Amino acid sequence: MSRYRVQVTEVYADGADQPWSVARQVTDAVGAACHHPIEVHANGTRRQIACGERLPADQQCDACRTHVHVVKVRRVTG
């Protein structure tokens, strides 16, 4: 499973409801090998690729599915 820990910084103009700038910083990333690789045929050869490269997210194995955990959100007004 690909897990990302992210810190977010949002910059707001005075009196604005929406941020005009959003910065995301990945603080930690952990990944694992695919549990259910898929065999593909191309140009007369067979090879296996990770299911995360071919299948939609809801059909991927736990190792290929991406999880993002926002650990901190900092709001700055200017």
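None of the values given here were measured: they were computed from a predicted structure.
- Distance alone, capped at 3.5 Å, places no donor-acceptor pair between the R5 side chain and the T27 backbone.
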Which atom pairs, donor and acceptor, lie under 3.5 Å between side-chain atoms of residues 9-23 and protein residues at least two apart or in another chain?
unit_1: E10; atom_1: OE1; unit_2: Y12; atom_2: OH; d: 2.9
unit_1: E10; atom_1: OE1; unit_2: R75; atom_2: NE; d: 3.2

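- Between the CD atom of Q7 and the CG atom of D28 there is a distance of 11.0 Å, given to the nearest 0.5 Å.
- To the nearest 0.5 Å, atoms CG (D62) and NE2 (H67) are separated by 6.0 Å.
- At a threshold of 4.5 Å between side-chain heavy atoms, the hydrophobic network of Ile, Leu, Val, Met, Phe, Trp and Tyr places V71 and Y4 in two separate groups.
- Shortest non-hydrogen contact noted between D58 and R65 is O-NH2, 4.2 Å.
- The CD atom of Q59 sits 12.5 Å away from atom NE2 of H36, with the distance rounded to the nearest 0.5 Å.
- Using a 4.5 Å cut-off between side-chain heavy atoms of Ile, Leu, Val, Met, Phe, Trp and Tyr, with links allowed through other members, V73 and V26 fall into the same hydrophobic cluster.
- Between Q60 atom CD and H35 atom NE2 the span is 12.0 Å, to the nearest 0.5 Å.
- Nearest heavy-atom pair, C61 versus C51, reported as atom, atom and distance to 0.1 Å: N-SG, 3.3 Å.
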